Amino acid sequence: MRLAIISDIHSNLEALTAVLEDIEKRRADRVLCLGDVVGYGAEPGACLSEVRGRSDWILAGNHDWGAVGKVDLAYFNYSARAAAEWTGGQLAESERAFLSKLPLHRIWDGPEPSFLTVHSTPDRPHEWRYILSIDEAEYQFEQLQLPLCFVGHSHQPIVWRWEGPGKCSVAGREYLHIEPGKRYIVNVGSVGQPRDGDPRASYGLYDRERQEVIIHKVEYNIAAAQQKILRAGLPPRLAERLAHGV
Ligand code: ZN
């Protein structure tokens with residue numbers, strides 16, 4: 001079984017469409033979405049409906065809840081707040097209700113090995129913290145009871161590996177072969193607003209038989225997504241950053 005894991009679409013329909021086509025081409029059996037379907041980009045409703053149509057599950061991201069008033073926008077920077085307020089006004093009542101009911105995490109407990117999916121961190125996901133250092137990764141591994149966890153939120157693909165107390169490291173940014181006895185936290189990157197310096201859309205493909213995860217990068221029509229952001233009257237910086245993947 002092959003599972004496509006997508007996160008941080010951020011209302012970027014061009015990027016989402018390209019990624020879903022790539023997922024189709026690679027014949028993934030399931031699609032799991034780790035949240036932040038909306039926020040920043042110009043097509044929240046269309047993205048939500050595409051993701052709902054294709055995903056087996058969707059988790060809550062801070063921008064999904066920010067757009068519907070479930071996260072305090074005082075914690076958002078200027079452009080994120082402006083986009084969240086704009087997004088809230090674009091969504092239908094049924095879409096707002098759907099976003100506000102999304103779960104913070106879910107465990108894949110089908111045939112072993114099971115794994116956790118969460119937007120931010122395994123520990124206290126409602127605090128929306130980032131895993132950006134070995135220290136933070138090590139702390140999260142201590143809270144994690146399962147050998148594998150998929151996250152989004154930082155928009156930067158990375159694989160953290162834990163081989164025992166005090167033995168935490170970066171295992172890579174593109175590929176993971178899962179070895180028994182070790183634990184892994186995989187950030188699959190962002191579909192709609194990458195921040196690792198590579199403007200291509202990012203997602204993860206987890207092959208359960210091979211026990212490997214590949215981070216795929218997909219080219220999409222960045223100029224079209226930028227034009228829609230500018231035409232919607234959203235902060236121009238949200239368009240500019242897409243060209244640089246920052
Ligand atoms: Zn995000």
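Along the sequence shown, residues carry numbers from 1. Computed from a prediction, not measured in an experiment: that's the story for all the values here. Basis for what follows: all heavy atoms, side chains included, without hydrogens, waters or symmetry-related copies. Whatever order the structure lists them in is the order used to number ligands and atoms, beginning at 1.
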Quick one: side chains of residues 181-189, donor-acceptor pairs under 3.5 Å with protein atoms, not counting sequence neighbours, listed by atom name and distance.
residue	atom	partner	partner atom	Å
Lys182	NZ	Glu163	OE2	3.3
Lys182	NZ	Glu179	OE1	2.8
Arg183	NH1	Phe141	O	3.0
Arg183	NH1	Leu144	O	3.0
Tyr184	OH	Glu179	N	3.0
Asn187	OD1	Gly189	N	2.9
Asn187	ND2	Gly152	O	2.8
Asn187	ND2	Ser154	OG	3.0

Could you tell me whether any N, O or S atom belonging to His119 is less than 2.8 Å from the Zn ion (ligand 1)? no
Taking the Zn ion (ligand 1) as the apex, His155 NE2 and Asp8 OD1 span an angle, rounded to 10°, of 90°
Metal proximity, His10 vs the Zn ion (ligand 1), N/O/S cut-off 2.8 Å: yes
Step by step, work out the side-chain contact (heavy atoms from CB on, under 4.5 Å) result for Asp22 and Tyr203. CA-CA 10 Å; Asp22 200 69; Tyr203 76 96; 2.7 Å; yes
Given the side-chain rings of His10 and His155, with only the six-membered ring counted for Trp, is the space between their centroids under 6.0 Å? yes
Tell me which N, O or S atom of Asp36 sits nearest to the Zn ion (ligand 1). OD2
Compute both the distance and the angle, then confirm whether Arg52 meets the cation-pi test with Phe98: under 6.0 Å from the six-membered ring centre, within 45 degrees of the axis. yes
